Student: 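Below are the structure tokens for one structure; questions will follow.
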2 protein chains.
Amino acid sequence: MSRPITDTRTRILDSAWKALEEGPGASVRMADIARRAGISRQALYLHFPARTELLIATTRYIDEIKQIDTRLAASRNAETGLERLDTYIEAWGNYIPEIHGVARALLAMQDSDAAAKLAWDDRMGAVREGCAAAIRALQDDGVLSDDYTLDQATDILWALLSVRQWELLRETCGWSQAQYIALTKTIAQRSLLQNRS
Amino acid sequence: MSRPITDTRTRILDSAWKALEEGPGASVRMADIARRAGISRQALYLHFPARTELLIATTRYIDEIKQIDTRLAASRNAETGLERLDTYIEAWGNYIPEIHGVARALLAMQDSDAAAKLAWDDRMGAVREGCAAAIRALQDDGVLSDDYTLDQATDILWALLSVRQWELLRETCGWSQAQYIALTKTIAQRSLLQNRS
DNA sequence: GTGTCAATTGACACTGTGTCAAGCAACAGG
DNA sequence: CCTGTTGCTTGACACAGTGTCAATTGACAC
């Protein structure tokens, strides 16, 4: 066989990724993904028994390619709290464009597929935990303003990093990713930190 | 007839609103909305020829009940830029919980219903314009930091006000709306404004 | 050569959207 | 009282997308 299992599976995941990236309005139907991957629709179901499982698997796949866990671990190992925040912002900021297509597709599921949504929540929970850890490090360093609780500060940073989500609705932002990440850093520091160190 | 047109139409819109509010995973199918409103599914199509039109109409309906345009106009008439920002934040902040169900439902449309999405973008554009106007007033008052362009500042405030959107994915925030709006004001002022006045 | 495994084709059930036709109850004006 | 209109009803249907099933093919491994 010139096509080992992993090959086909990878081709499927690549196809799903590409389909999801094509923005809102893109057809992310099983048939489309199968056609993209060059296999039949039914063969797709041999690899992924349901659409939601394919979407979740695509998330994990993107995680691996983008080395998200590695990057988040790196943020955990940073020396100062501020470095930790920087590294986290870079990891998550770079992740968002890839991930928001999946978010859209999962949100789009009419049937409340509890298991799939739980898996997604877990993933997001992990990323969010990285955010909270960075904030906590800042508290330990004593540079975090005590106007905000840990949860509040996490929510604020999360919001700043997630503004790209709104591009789903109004695709008129026009910022480059680098611009965006740089600005996020500035605003996060200005908003959350006291001018101490 | 004990049921004039407007009565049925209002009942439909109320039903749709309620259905949309029941969070992600809620069934916002035409049949469900019809059952809620106490009419047949086909009668629903007599009032709204398509699902997307019902969703958009529900947005307008919520607008009216919540008097969003009035509130945004009030923000336009505020004396100082800071008051203007405050009024805007209050109007839009109170609007979000009602509106994010519609956002979710519209995002969920697989068929890229261009017209409906355009109408939605228009609505969001109007609200966003209110945001930009508030920011611009702050520039005129000379209290807005010139580190950010108008677009950047608008995006930041928009992000801060829209963090609730993420509750769709992780419903663990637990903030009260008042808490949220108060915090948004603080963070917006701290982030965007120079400590001048 | 036989078994196995991935993938194929073709058919089917089910759900949700949107359409169509025929009928029915109430009300209005002659 | 009859007639037309209006708002809604029931019942049927077409269509798209998901997910399932059975029978078949083609290549590789032992």
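Being a predicted model, the structure only gives us computed values, none of them experimental.
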Student: Ion pair present between B:Asp32 and B:Arg29, side-chain N to carboxylate O less than 4.0 angstrom?
Tutor: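 Looking at B:Asp32 and B:Arg29, the cut-off is met.
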Student: Check whether any side-chain N or O of B:His47 sits under 4.0 Å from OP1 or OP2 of D:dG7, and answer yes or no.
Tutor: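 For D:dG7, neither OP1 nor OP2 has a side-chain N or O of B:His47 closer than 4.0 Å.
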Student: Round to the nearest Å and state the distance from B:Arg51 atom CZ to C:dT19 atom C1'.
Tutor: 18 Å
Student: What does D:dT3 pair with, Watson-Crick or G-U, if both distances are under 3.5 Å?
Tutor: C:dA28
Student: With sequence neighbours excluded, tell me which residues meet salt bridge (Lys or Arg N to Asp or Glu O under 4.0 Å) with B:Glu64.
Tutor: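 Salt bridge (Lys or Arg N to Asp or Glu O under 4.0 Å) list for B:Glu64, sorted by chain: empty.
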Student: Figure out the CG/P separation between A:Asp7 and C:dA7, and round it to whole Å.
Tutor: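 In whole Å, C:dA7 P and A:Asp7 CG are 10 Å from each other.
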Student: A:Glu129: which residues meet the salt bridge (Lys or Arg N to Asp or Glu O under 4.0 Å) condition with it, sequence neighbours left out?
Tutor: A:Arg136
Student: Got a sec, which residues hit salt bridge (Lys or Arg N to Asp or Glu O under 4.0 Å) with A:Arg60, two or more places apart in sequence or on another chain?
Tutor: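 Expected list: none.
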Student: Provide, to the nearest angstrom, the distance between the CZ atom belonging to B:Arg9 and the C1' atom belonging to D:dT6.
Tutor: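 One finds 17 Å between C1' of D:dT6 and CZ of B:Arg9, rounded.
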Student: Using a strict 4.0 Å threshold on nitrogen-to-oxygen distance, state whether A:Glu98 and A:Lys66 make a salt bridge.
Tutor: yes
Student: Output yes when at least one side-chain N/O atom of B:Ser40 is less than 4.0 Å from OP1 or OP2 of D:dC8, else no.
Tutor: no
Student: Can you sort out the partners of B:Asp69 under salt bridge (Lys or Arg N to Asp or Glu O under 4.0 Å), two or more places apart, ordered by chain and number?
Tutor: B:Arg123
Student: Measure from CZ on B:Phe48 to P on C:dT17 and round the result to the nearest Å.
Tutor: 15 Å
Student: Could you tell me whether the phosphate oxygens of D:dC8, OP1 or OP2, come under 4.0 Å of any side-chain nitrogen or oxygen in B:Thr8?
Tutor: yes
Student: If you assign each of B:Met30 and A:Leu46 to its closest nucleotide in DNA chain C, which residue comes earlier from the 5' end?
Tutor: A:Leu46
Student: What's the CZ-P distance between A:Arg35 and C:dA7, to the nearest Å?
Tutor: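 Atom CZ in A:Arg35 sits about 18 Å away from atom P in C:dA7.
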Student: Please tabulate the protein-to-nucleotide N/O contacts below 3.5 Å involving nucleotides 11-15 of chain C, giving atom names and distances.
Tutor:
{"residue": "C:dA11", "atom": "N6", "partner": "A:Gln42", "partner atom": "NE2", "Å": "3.4"}

Student: For A:Leu46, check side chain to side chain contact (heavy atoms under 4.5 Å, CB included) against everything at least two apart and list the hits.
Tutor: none
Student: Take A:Tyr45 and B:Leu44, find for each the nucleotide of DNA chain D with the closest heavy atom, and name the residue whose nucleotide sits nearer the 5' end.
Tutor: B:Leu44
